[in-house]
Every structure is written in structure tokens, then in C-alpha cells.
Protein chains: 2
Amino acid sequence: MNLKSLLRPGSVAVIGASEKLGFGRDAAENLMKGDLGDQLYLVNPKREEVLGRKCYKSIAEIGKPVELAVICTPMAAVNGLLREAAACGTKAAVVYASGYSEAGEEGKAAQKELAEVAKACELAVCGPNCGGFINNRDGVFAFGLLMPERRKAGNIGLVSQSGQVCSLLASVPYLNFSYAISSGNNAVAGAEDYLEFLVEDDATKVIAVYLEGVRQPERFVRILGNAARKRKPIIALKVGASEKARQTTTAHTGSLAGSDGTFNALFKKYGVIRVDDMEDLVNTCLVFSTLEKPLRNKNLAIMNVSGGEAAISADVSQMQGASLANLSADTLRQIKEMLPGYATPNNPLDMTATLVFELNKYKSAVKIMMEDENVGGIAMGHNPPEKIPERDREVDFGFAEALAEINRETEKPIVILPGMSRKRDPELREFYGEHHIPILDSPKYGLSALRRYGEFCMYSPDDRTLIPAVPPQDRETKSCILSEHESKLILKDSGIPVPEEIVVTAADEIPRAAEKLGYPLVMKIDSPDIPHKTDMGGVKLGIADEKEAIAAFEEIMNNAQTHKPQARIRGVLMQQMLPKGTEMILGINRDPQFGPMVLAGLGGIYTEVFQDAALYPAPLNRKEAMEMIQSLKSYAILKGYRGSNPLDTEALADMIVKLGDLAVEHCGDLKELDMNPVFLYEKGVYAADALIVKG
Amino acid sequence: MNLKSLLRPGSVAVIGASEKLGFGRDAAENLMKGDLGDQLYLVNPKREEVLGRKCYKSIAEIGKPVELAVICTPMAAVNGLLREAAACGTKAAVVYASGYSEAGEEGKAAQKELAEVAKACELAVCGPNCGGFINNRDGVFAFGLLMPERRKAGNIGLVSQSGQVCSLLASVPYLNFSYAISSGNNAVAGAEDYLEFLVEDDATKVIAVYLEGVRQPERFVRILGNAARKRKPIIALKVGASEKARQTTTAHTGSLAGSDGTFNALFKKYGVIRVDDMEDLVNTCLVFSTLEKPLRNKNLAIMNVSGGEAAISADVSQMQGASLANLSADTLRQIKEMLPGYATPNNPLDMTATLVFELNKYKSAVKIMMEDENVGGIAMGHNPPEKIPERDREVDFGFAEALAEINRETEKPIVILPGMSRKRDPELREFYGEHHIPILDSPKYGLSALRRYGEFCMYSPDDRTLIPAVPPQDRETKSCILSEHESKLILKDSGIPVPEEIVVTAADEIPRAAEKLGYPLVMKIDSPDIPHKTDMGGVKLGIADEKEAIAAFEEIMNNAQTHKPQARIRGVLMQQMLPKGTEMILGINRDPQFGPMVLAGLGGIYTEVFQDAALYPAPLNRKEAMEMIQSLKSYAILKGYRGSNPLDTEALADMIVKLGDLAVEHCGDLKELDMNPVFLYEKGVYAADALIVKG
């Protein structure tokens, strides 16, 4: 799709330009503030002039092709205008009108028609039911909502599936956007198209997205992969973690919300940064867009102007998962020399009046902290006022200049981390911003933004298997359950360790099978129609000899017949009895949009009660598998707890990798796989039971 | 202590008043902005006039008693001035000077001397090393730091153990304080004194405190109890959750930080609201001080101006633990009638343009939500601008008036919950504030403040045992460990179920003991010097007959002698062998400041790995004990999981209550008690092992 004509047009016609309040006025006014000059045309059949500017009767009257048509009329006129514009050589359009897919069945039909017109006319269309876009790079403001005063072009590219969220974010005076795009109903160009455009756009360093759902999952994942490889951060305000949010988004745009756990898993793999609300997005964007240097390591030093604030910073760091550097003995010694005799230096550092008010000491102290190799970057706990009083200007800017100078000279980033949310002196903010020092909102928002920046800096796409395994969409298939033995054959074929086992169909087959397997044995009914074997007396453990085996065979077969006369019985599964190990659960769940997700967790009742499980998209490599294992709280048990020997997490990681490969290989028809329990030992790991659902 | 003379003096002398920058100028200027009129006196031996006002040579020269002396000099002059003032009839003083306990050993000595002077002169002293205080109620601004312009008296009383934190909070233009007190080094008047004053002060509705540590724990707890019984909320920014914060506060004021878990337990019992940073404190204070009505129940309704914001609100509600109401069918029907045909109402509600722009519909919709009995209160997701443009004033205030009207007419509170942190139009904020509608900061801060408000509204002091069990302070005692049997005797005496057991000292006592207890038996070494019995072969389980019992006796005695020849051996403990139950851990830990804390958690290795334990101050009643049990994640297991029968949590609660009583009874000399494991059954509960450390 030709998004260049849409987002970076050389000429624009506002169709339905008007002085009346509404899209026709806002769009015309906004575009007139831009850089199109005489390449901006206003069109309205009923006017000679709009807002002091010549007005054409129609796009045809302009007499030359106009690249983008911005259509401000209600929906009834839209399709005709699109056709007319295309006939005159227009390549793209913005449609603000509502009444489409957000408005019931009739609206859906109208949207389908609009999409067909766009396709037939080869038009890239933004909307309908959208706010349009702001392009600060070229000064094209095809925005149908009230726009704040024009600001300099920035490096944040925003795509929003909510017009209001786009408008609110675009109005933050200290966020500088390359583009801010309200994608509306995504009838023609969708979130994926805009994301792809921004990933490729040189002016865009950071991508922000408000996301309700994804229409083209495979393409979405490929775009995430491209961004990861380019090291271009995507900061996602993805809604749908709660049931109430899923209800709301369904009502809002009819987006398929998808499983929230899947998004978290995908984001982890692709290094996408997930944020919680708009302020969180603002702070995170500020950090990513303003800093020009990565954190050297994830550990921060914080320098506060009082002991109280230092203590608060320390607690909030821990709460937000931001890591604080342990200062080296040398740093502590040097700082101690600068402080009053009694004071003890710490991180966060209480600078005391000595360092706060004496510029030279202040500079030296910041430099000393910077030079500590345990420190990845510095947060200064200043609280700039809303407006610097005239008498303080020189001093305040003097300190700011000192930080700017240090920032120019070192390899580590600096941020300002105030103690509260307040408006800050815009001139000082501007000064800091120009020197790549962001002023954040408050410890909670600021420190979680810094933690995320650290995670992004430590993320490497080379450590990950950035290969999508998205299943064909919109298939309808019937589910079918495999028996335990059938399931295990598939596992075994993929190199996953399972106990030796043989299916017997008659009692006289038992001696031979037992000889091969050796006692003690486990015996289980083998039937695709009886997934819950234990409940119906279909499992016997600890069978010690032939006599017991024959008795067990007969009892199991009887129980099965009584329990489910119609069940397809494959026989009785005779299995080596595994020694008791630590119970784990492993499995695969295929997300309808994003394909197979591998699950690993502690087994037994604790998985559910303590929610101690990890989810990750297949395929995955050993490093990713080990990361899954290490992310479990119960990893503390697995790695050896209170003197017990460590368990074989290497073998477990190996099993997870193979499980991921199996998931990809069977991506088209494997819906679900449960290995429960998996027994993990000091040496080795075995899947003691397994259940595959095809479909 | 006479805090009335300190905080509400009828007359004030500023000693060391000056035009030079510093305390002497700031305090004089601040106090001159207040209401003391001719009851404010400036004193400086070197000046005739300061800031255009007559200046006295000394406090004596004033010729009449002045109630409060505000001493702005460096520390060297302070004690002399205090004595002089007291001699002239002064009752209280503020001392800004630093160099005291925060400044090493010499400073500590100086502080001790200051305290002695104050005591001898019967002076209530604020400080030293403090910022003084702001009293908005009477217009007394004995504040030694830059003060924002004077604002109307509010209902928030603030005590801060950090001057800078006090100053920052006092400068928030929309928080209205009755008092803001910087307590400094607490040499004479301490945080407890100020808290007590504020609990009793009629003008103070909400108490905010920045707390590093407590000096008088018993008194502190009694004050919390008084506040709880008066239903006066205490909002505490208590630092010290992290190790780095504890290091910092020790360096800062030398406060004894205390165990952070203990503070959480205390706060839970006394309904104290703990917040995370200053912005969190600001939002929480705004909610508590502005709302005049409690939440009717903890479930909120949120009304947003867009679907995007509604979805974000839903997710953040879940994240912050704020509960959203399930709207009744009737509400949904009524709202649906008002929305465009296709729209589906939800909570959070996307109001759509229909409800956002049409005042009458807006009012009706808010009223409909209000009338839903599932709704405890309403949050309106508006984003007021920094300054309302003139053209929008009438409309914006019209909507604000509508909310104010509804708020007057209903029993449920309303708040404004914007999507981001921004400065808001001060006039609109003022208007809302006067109508008891706070404008909060952003979803994260706002929704956690609302959750806490809900918790406070649901809290009842009648459900709790608000009785302190604080041990005598500053005792030094030696620890001594009791043997298992000795420990169990104490448990049994308190009515805690333990298995029947007998200590035998020779093999020939075994038959008689066994006859009384019945096989199977457990046998364990009984020695106060061998707390870890299993490690040295001091425990034998499942002893089935006399022969095994005699063998076990000899082996255990031998092992003990080999392992620890000097150990005091009481004999071998013979014990009924309990059937295997669900393992729990119960215990008591005495906090050196706040006394015995009862601990309950799931046993085995899971307690530590999943941190699934509850801590609560003793004594406690059944309701509190049951709340502890229900707060465990593993409560899902205890109450019956996946078809298993529920365990006897009633008996467990009973055991916890008795444990609390035991803890209080032995408060003076019981340092630690561990019951590990406790076996919980479908019917009954027993402490299978126990260890008491006295001291």
C-alpha cells in the first residue's frame, strides 16, 4: 500500500473545507498551519473562499492531480468523492466520517463497500472514523481534531487505534512526534501498515502504539521482528489485560482482543515494551526518544537533594524493579570526602546542601558517580519549578548547563527524576531536551520507564528465534483427541524423553511386554475417548509382577467398558514406572492468531494457585528456554534448595526447545499438548503422561 | 508536652530576624504574611528595623511574655536563647539550626544538651535541624524555608521527618493543609507528639505523615488506635521497604527503621493507609480530604469520553486492585437507550459523543449510574485543560456544575480521573474542590488512591483488637532455647493442640509410655541444645513396636552424644505419630519495637519460595485470624481444591488466636516461637513440632 502518498503527500485537497465547526474547519485550519503552501487546495462546491483562501468547486476544478484527498463530509458522500479524486490522479485519502464498522451491521456493510472502492481506485485510505494524522516531518497536518500549536518535528512515531488517545498524546507539549496517526477503523490501511511505515521511516527513532487488537498477525509479528533487528523500540499501550477491557474494546472497535498472555509472550520475545497507561507511555517515550546513549548496564545511580527523597527513590526503585548500582569503594571514598564529615554516602545519594548548592562540587560529584563502572546511568532527583523565578534563572541554568556538559562528555545517560507530577518550566525542559536529558514525571512512572529502558538496552535480537509460526487464519477444523500412547509416539519422534511403553490388547501379551519393560510397571487405559483416565479407575501404579499385571489389565478394561461403553479402546498401556521426581507441567497452546505458545511451570496444585508458569512463542532456542525456566519463582527449588542437589534444568531446557520445534512442525494441526506430569530429576527428565488435541 | 503553645501560639518572636538570605529572613517574611499582626516580634541585637518592621534587641526587651520563640541562629547561640526566652515566659520554640544528631558524635551530645535545656525550661521545641511549621488554621507560618503563597486553611495535617519532603508537599497548590510540620531531629517534640496533636485537632480531617522511624512505639500504636476509633485516616509515606532505603534513612536521621513487614502488619490492623511516593501521597490525600461521603461499596463506575480510555481504565483498575462494579441489567438497559443504537454499555463506560456533548443526556447518564446499587462511587474520565479557553468556559463550567449538583443530591462520591498527569485549570479545580470533587493525577495514581479509600471505608475498628502489646524497650536479655517438649508444654497450657507425648530417660520407661500413647510412634531427642534434631539423626518416625522403640532410643541417645557431647539431654521424646496433613507454619516473632507478630503460612519449601505467609500483630481475634488465613494465596488449597474437601480453617483460626494470646501473655520474655510443621486436617489441626526461644 502506498503510504508515502498518504502520510507524506506533496499536495493535499481538503474536500468539504468549511468555516463551520467540524472536520471541514479543523482539517483546513490544521493543514494551513503546515508547510504545503500553494500545494494545499480547499474544495467546497458551495463556497468561493474558506478561511480567506480560494475554494475550488471540486477536486477536478483544481486542474492537476492532487496526491492526498482529505474528505471531511459525512459518510453518504464519501465513496463518490473517493472515485472522483482517484479519477483526477489522487493516490490516497483520509476519511473522518463515522457510521462504519463501529455502528452495527449497516455500518459494517458500508465499510466493506468503502474498502472495495479504495481497492478498485488503488487508494491508500486512512480511516474511516479516524482523527487523521499529524506529520511533523514535512508539516502536513491532516488532523481532523483540535491540534495543539505546531511543534518541532520529533522522533516519536505514534499509531493509535483510538482517536481520543492519539489526540491526548499529541497534545503533550514536551513529546515531539515525527508522526501521530489515528488509524480509526483500519478499513484499508491498518495498524500493521502504519507500523511498517514507521519501522522503515528514518525520522522515527521510537514507535509508540495504542493497540486494541491485530488484524494481520503474521505480518504484525514480522514487523516486530524487523523493528527488533533494527533496534527500533516499540512502546505498546496494549489494552485487554482485564476482562472489562476486553468487553470495552469489543464494543469499541470490534477488535479481536486476542489472549493477553500471548501478547506478553510475544512482546518478551520481540523486545516490545509494554506500558500501563498514557502517562506511562509518555514517560517511557520521553526516555527512549530523548536519551541518545544506552544505559551501560541496568544499574542506576540516583542523586537526591534530601535524605527523604533518597529513601523514597530507593523504595520505589525496588517496587518498580529498577536496579540500583552498588557504588564502588573508590566512589564512596571520593564522595565521602566531598560531603560534611558525618555524612555517609549511599545510592540513592543524599547530596546534602554541600553538593546541591555549590556548582563545582555538584559537578565533581556527578562526574565521580558517572565514572563508577557499576553505574549504568544517572537520575538526578531535582524538582524544577513550574516557572523559574527571574532571580534564580542564572543559577538554575548554570546547574543545567553543568549536567549538559557532563552528558556531552560521558558515555552514560542522565535523566531528571522529580518527586512529584508537576508542570515544569518549559524553557528549562526545552534546554534539557536539547541536551538529551528528559524530565520525567514522578518516581513511579519515571523508574518503571528507566527499568524498561534498561531491559531494552540489554535485549539482543541475536539471542532470540525471531521466526513467526503463525498458523493459517480463518480455518475451521474439528478437534480430535489422541490417546496417551499416540501422543507419546509423537513426542518420542521429536526426541522428547518418555518412559518405555507397550500397548497390550489381551492378557496373554503381558508376559512378553513385561519382560521387555521390567517391573515395577504402570498400567493405564489407552483410549482417545478417555482423557481423564484416573477418574474412571483407568490407572494402576506400582505393579510388581505378572499376577498383578493380569489382574490390573482385566480391571482396567472392565472399568473402561462400564464407564464409557462407546469408547474406542486401543488397549492397556504398560509403562516403565518412573521414580518420583519433581513434578513439572509442560505444554503447547496454539493461539488462534499467533500460533503455538510453549508453557512451562511447576506441576501439581501449585501451578494454578501460585500462577507459577511461563509462556513463550515457539520456536525457541536453548537460551530462551533457559530464560523461561529461570523466570519461574520455583526456579529457586529447581536450582537446589536448602542443601538439596540441583535438578537437571539443562535437560528441561532441551525438552522445551524440542517441544517448541514439535509445535512449529505440527503448527497447522496441533491445537493443544499437555505433558502433565513431567518428572524432573537430578539427572534427566521424562514426560510421564501426555495428551495431544489435534485440530 | 504543650503543643498548643508551639503550634498555635498567640504571640511569636523571631530571634535572629534578618534581611540576609537564610532562616532569619524566610521565617520573618513567612510569619509576616500570617495573622499574628502586632503579636509578631522581630528580635536582632544588631538591627533597629528588619523588613520595615521594628526590631527588638532581645526577647526581654519586648517587655511581655511571648508564647513561641522562633530561633534562627546557628547552634552555638541556641541554648542561651532558649534559657533567656523561657525566663521571659516563653512556652515553646522552633530551632532550625543543624549540626545536631545528624552530624556525628559531637552533634549527638549537643542534641542531648538541647533536650536537657528544653526540659529544664519546660519548653516544647520543634527541631532542631527542621523546617518549622505552617499553621494555616491560625495563620502562623513559623516556616524556615521558602513558602508558597498563602492558601486557605485546609483539613490535611502533615508531619514530615524530612524538611524537603514537607516543603515539596506544602507547595502543591491544590492540597489544603491545616498544618504542615517539619519535625526535624525530634529532639524534644517528636513525630508521636505531632500525630497525637493532629488526631485531636478538630480542623484536621486527614493526617499525612512522611515517616522514617518511630521513637516511642507504644505511644505510636496508641495514637494509631485513637485515630482508628475516631475514623480519622492516617496516610503514611513510610520508607524502608528496601535495604537501600534503610541504609539511607540511617544515614539521614539515624532513625531506627524497624522491620518493614511489621509496619505493614501494624498498618493493616490499624487501618493506616500506606502510600508509595509523594505523588501517591498527594492523590490519596486529595481523595480523602476532598470527598465528604464514603464509597457506598468498594466498586467503582468509570465514565470515559472514549473507548480507548475506557479500556485503559479497566486494565489499570485491575492492576491497582480497584474493583469495578458490575452494572445491573436495569442500568445497562437505561444507558443503552441513551447511546447510539449500535453501542454496548460497559463499565468503564465509553460515553460516546452523545453523552459527552449533550449536557442533559450527560446528567441523566451520570444519575443512572449513581442509582445503581452495585456502584459505590463514580470516576469521570475527563481531561481538563491547563487553561480553559474563553470560548469553552461556559460549556465546561456547565458540565462541572452538573456534576456538582449530582454530587449534592446523592450519597455517593464523584472524582475526576484524567488519563495523564497535567496541570489543570486552577479555577476549574477550585470549583470542583469546593464541591467536594477532587481532580486526580492519572489512572495509576488515581485508581490506587480510590482503592485505598474503598478499603478505608470498609475498615471497621470494631472488627479489630486495637490493643498494643509493646514489650519494655531497651532491655538487654540473653536468649535461651527451650527443648521441643518444654516448648510444647507452653503451647498445651495455652490450649494449642499438640500430639500426646512423654519424655523417657531410660529404655525401661518405654513400655509404659508406649502403652499410654499407642503405636505407631515418633521418637526425637529432647534437648534445648539440639534445635536441628533431624540433621544429627535425632528423629525416628513410624516406630511400630517395642523392639523398634528400644532400638530407636539407643540410637538416638548415641547419636546425640556423638554429635554434641556437651548437650543437655532431657531424654527421648515419644510422641503419637500424626497422620500426614497439609503442612502449615505458624509462629511468633517479637519485633523489638512493636512486640509480638503472629506469622501463618503454607509449610514446606513453598512458604519461602512463594513468600506465602501472613504477618499480624498480637493479640488478634477470630475475624483477624481468619483474614490472615484468607490472605494467603494457598487459601485456594485450604478451602478445598479441585474436588478435595475443605480443611479445618476454623480450627486453624482458633489456633492462631490462641497463639496471639500466648504471645501477649509471654510478651516480656518470648522472643521467637516456631511451630513447623503444623498439620492441618479436614477436621482438626496439630502442632507436630515446636521451638521456643526465650529472651
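Lettering of chains follows the sequences in order, A, B, ..., and the numbering in each one begins at 1.
The closest side-chain heavy-atom distance from B:Cys130 to B:Ser182 is below 4.5 Å. Side-chain contact check for A:Lys423 versus A:Pro173: every heavy-atom pair is 4.5 Å or farther apart. Considering only heavy atoms from C-beta on, A:Pro384 comes within 4.5 Å of A:Ile439 through its side chain.
Of the atoms belonging to B:Met278, heavy atoms from both backbone and side chain fall under 4.5 Å from chain A. Neither the backbone nor the side chain of B:Ser313 has a heavy atom closer than 4.5 Å to any heavy atom of chain A. B:Asp612 touches chain A through its side chain: at least one heavy atom from C-beta onward sits under 4.5 Å away, while N, CA, C and O do not. Heavy-atom distances place the side chain of A:Asn383, and not its backbone, under 4.5 Å from chain B. Proximity to chain A is limited to the side chain of B:Gln318, based on heavy atoms less than 4.5 angstrom apart. With a 4.5 Å cut-off on non-hydrogen atoms, B:Glu243 touches chain A through its backbone but not through its side chain. For B:Pro340, no part sits under 4.5 Å from any heavy atom of chain A, backbone or side chain. Residue B:Asn283 does not touch chain A at all, counting heavy-atom pairs closer than 4.5 Å. Using a 4.5 Å cut-off between heavy atoms, B:Leu237 contacts chain A through its side chain alone, with no backbone atom that close. B:Val316 touches chain A through its side chain: at least one heavy atom from C-beta onward sits under 4.5 Å away, while N, CA, C and O do not.
Summarising the geometry of A:Leu169 relative to A:Leu175, their closest heavy-atom pair is O-CD1, 4.4 Å, with the distance given to 0.1 Å.
Residues passing the side-chain hydrogen bond (donor to acceptor under 3.5 Å, both in side chains) test with B:Asp441 are A:Ser421, B:Ser421, sequence neighbours excluded. Remark: B:Tyr100 engages no residue in a ring-ring contact (aromatic ring centres under 6.0 Å, His included) (not counting sequence neighbours).
Counting heavy-atom pairs closer than 4.5 Å to chain A, the top-ranked of the candidates B:Asn304, B:Ile637, B:Val172, B:Val282 is B:Ile637. Per-residue heavy-atom pair counts under 4.5 Å with chain A were compared for B:Pro348, B:Ser98, B:Pro443, B:Ala636, and the maximum is reached by B:Pro443. Considering only heavy-atom pairs separated by less than 4.5 Å from chain A, the leading option among B:Lys444, B:Glu105, B:Arg422 is B:Lys444. In terms of heavy-atom pairs under 4.5 angstrom with chain A, the leader among B:Gly419, B:Ser160, B:Gly107, B:Ala310 is B:Gly419. Note: B:Ala241 leads B:Pro418, B:Gly104, B:Cys166, B:Ala241 in heavy-atom pairs under 4.5 Å with chain A. With chain B as the partner, the residue from A:Leu349, A:Leu324, A:Thr352 showing the most heavy-atom pairs under 4.5 Å is A:Leu324.
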Going through the distances and angles, do A:Asp277 and A:Tyr445 end up as a side-chain hydrogen bond (donor to acceptor under 3.5 Å, both in side chains)?
CA-CA 10 Å; A:Asp277 66 7; A:Tyr445 284 116; 2.8 Å; yes
CA sep, side-chain torsions, deciding dist, call: B:Ser101, B:Gln111, side-chain hydrogen bond (donor to acceptor under 3.5 Å, both in side chains)
CA-CA 6 Å; B:Ser101 74; B:Gln111 181 155 323; 3.0 Å; yes
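If you check the side chains of B:Asn326 and A:Lys244, you find a donor sitting under 3.5 Å from an acceptor.
Within a 6.0 Å sphere centred on CD of B:Glu106, other residues, nucleotides and ligands contribute 12 heavy atoms or fewer.
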